[in-house]
Amino acid sequence: MPITPFTKQQLLPQEETLEVARQRSELFIGLPKETSYQERRICLTPDAVSSLVAHGHRVLMEAGAGLTASYTDKEYSDAGAEITHDPKKVFSCPIILKVEPPTTAEIEMMNMGSLLISALQLKTQRKEFFDALQTKKITGLAFEFIKDPDGSYPAVKSLSEIAGTASVLIAAELMISQKLGKGLLLGNITGVPPTEVVILGAGTAAEFAAKTAIGLGASVKVFDNSINKLRRLQNNLNQRIFTSTIQEKALQKALMRCDVAIGAMRGKDRSPVIVTETMVERMKKGAVIIDVSIDTGGCFETSEVTTHEKPTFVKHNVTHYCVPNIPSRYSKTASLSISNIISPFLLQMAEDGGIEPSIRCNPGLKHGIYFYHGRLTNRSIAEWFGMDDTDINLIVF
């Protein structure tokens with residue numbers, strides 16, 4: 001009798017296993033008031049709230065949360081948000097949406113197993129913050145870690161665009177200031193030599209600073225040690241400008257001639273110090289330094305952190321502007337930008353059936369998760385604070 005590899009039963013047609021349709025979930029989002037110093041932004045605009053409510057979701061908002069971004073409670077109420085004066089009610093929502101990371105006291109008000117969506121700002125965090133998340137078994141999603149399909153970070157890129165554009169506009173204000181400035185117009189007027197701007201770095205912030213300065217008619221010089229970044233910047237500007245690798249002699253010469261110097265360089269842990277105090281001493285009297293990288297240490301040796309209330313100081317006859325959170329100065333624009341990034345993710349998350357199915361379907365969103373049900377899943381945080389971490393791909397697959 002011949003031997004067959006299959007039995008008669010195995011050769012019979014089998015039942016087909018069909019994919020189970022994903023069940024849509026309804027979101028209940030808490031939008032608390034920002035309590036961090038000088039934070040004026042909000043994560044959702046009234047239009048974004050209206051869109052979420054129209055899709056059957058709930059938004060509970062703390063009264064006055066949008067005022068610093070020029071949005072009234074009435075606008076949010078008309079959009080369908082529920083307004084409360086009790087922050088405990090807001091923090092008891094299953095999903096908490098904040099610009100700045102919450103304090104440990106705010107985490108205490110959160111329910112076990114909540115989803116926290118906010119910025120993380122790793123450089124300013126302390127271990128107590130992560131211990132508090134662990135105790136409450138929180139799932140944490142950081143704006144700055146979310147990736148687009150092309151590998152870029154949309155939140156970081158968007159806020160860098162604001163910071164880059166703003167750096168030139170701030171410099172223009174400081175140059176005409178009666179107390180600090182030289183009475184120069186940042187631009188190119190017929191018969192008058194153009195204002196000279198030096199930009200350190202060739203990333204997104206530097207690119208938008210260059211676009212704005214060129215648009216105003218300034219003469220721009222860009223320094224960076226990456227030829228690829230410099231080439232990409234020139235291609236994005238659609239014109240040839242002065243670009244150079246960072247060589248002390250060439251940089252010193254450019255700084256001595258310039259009216260504005262903008263620092264927009266990033267490092268792995270800290271921004272590299274490119275401009276020494278000696279170089280600053282040789283700059284023109286009344287020149288302006290805008291250190292966009294001050295939140296990661298700054299790239300001018302003379303830089304010191306300043307605030308929105310007192311944004312400048314003068315050192316070696318050079319005006320320094322070193323405010324770490326430049327986008328917060330333009331709170332409405334920055335809020336619109338953040339809202340445009342976050343609201344589509346929220347709507348997609350609801351369609352997918354919640355955060356767990358959503359991060360299975362979206363690798364970029366999964367990259368944004370740094371805490372999953374109280375378990376640290378980010379290697380950088382683990383190394384920074386000496387904590388144990390678990391690869392999220394071993395938990396969610």
Do the non-hydrogen side-chain atoms of E39 and S328 ever get within less than 4.5 Å of each other? yes
For K89, does the NZ atom sit with more than 12 other heavy atoms under 6.0 Å from it, leaving out its own atoms? no
Between the CD atom in E301 and the CD1 atom in I274, the distance rounded to the nearest 0.5 Å is 11.5 Å
Between K157 and D148, is there a side-chain heavy-atom distance shorter than 4.5 Å? no
Does the side chain of N236 come under 3.5 Å of the side chain of K211 through a donor N or O and an acceptor N or O? no
Rounded at 0.5 Å granularity, tell me how far CG in L174 sits from OH in Y321. 8.0 Å
Apply side chain to side chain donor-acceptor pair (under 3.5 Å) to the pair S152 and D150, showing each step before the final yes or no. CA-CA 6 Å; S152 65; D150 63 357; 2.7 Å; yes
Could you grab the distance from atom CG of L347 to atom CD1 of I342, nearest 0.5 Å is fine? 11.5 Å
C322 vs S303 side-chain heavy atoms within contact, under 4.5 Å: yes
May I ask you to test the Q125-I381 pair for a side-chain heavy-atom distance under 4.5 Å? no
Please verify the inter-ring angle class for Y370 with F130; under 30° counts as parallel, over 60° as perpendicular, anything in between as tilted. perpendicular
Nearest 0.5 Å, what's the OG1-CG distance between T195 and L184? 6.0 Å
Among L159, I338, V156, I341, which residue satisfies the side-chain contact (heavy atoms from CB on, under 4.5 Å) criterion with F143? I338
Hey, is the main chain of L376 close enough, under 3.5 Å, to the side chain of D389 for a donor-acceptor pair? no
Using the rule given for salt bridge (Lys or Arg N to Asp or Glu O under 4.0 Å), can you reason through E34 versus R41, listing the C-alpha separation, both sets of side-chain angles and the distance that settles it, and then say yes or no? CA-CA 8 Å; E34 295 294 334; R41 297 168 291 177; over 6 Å; no
Are more than 12 heavy atoms from other residues, nucleotides or ligands located less than 6.0 Å from atom CD of E281? yes
Would you say the side-chain atoms of H55 and E351 include a donor-acceptor pair closer than 3.5 Å? no
Only residue of K137, Q134, E356 satisfying side chain to side chain donor-acceptor pair (under 3.5 Å) with H373 is E356
Electrostatic pair K332-E75, nearest N-O below 4.0 angstrom: no
Separation of H57 NE2 from L52 CG (nearest 0.5 Å): 6.0 Å
So, do I162 and I326 sit near enough that their side-chain heavy atoms are less than 4.5 Å apart? no
Examine distances only and state if a side-chain atom of E207 and a backbone atom of L237 form a donor-acceptor pair shorter than 3.5 Å. no
Short side-chain donor-acceptor distance under 3.5 Å, E304 and T306: no
Check whether any side-chain N or O of S77 sits under 3.5 Å from a backbone N or O of D73 as a donor-acceptor pair, and report yes or no. no
Can you see whether E106 engages T35 through a side-chain donor-acceptor pair at a distance of less than 3.5 angstrom? yes
Measure the acute angle between the ring planes of H320 and F313, then classify it against the limits of 30° and 60° as parallel, tilted or perpendicular. parallel
Quick one, D295 with R266, criterion salt bridge (Lys or Arg N to Asp or Glu O under 4.0 Å). Give me CA distance, side-chain angles, the key distance, then yes/no. CA-CA 10 Å; D295 57 334; R266 298 279 166 178; 3.2 Å; yes
Reported CD1-to-CE distance for the pair I138 and M112, which is rounded to 0.5 angstrom: 8.0 Å
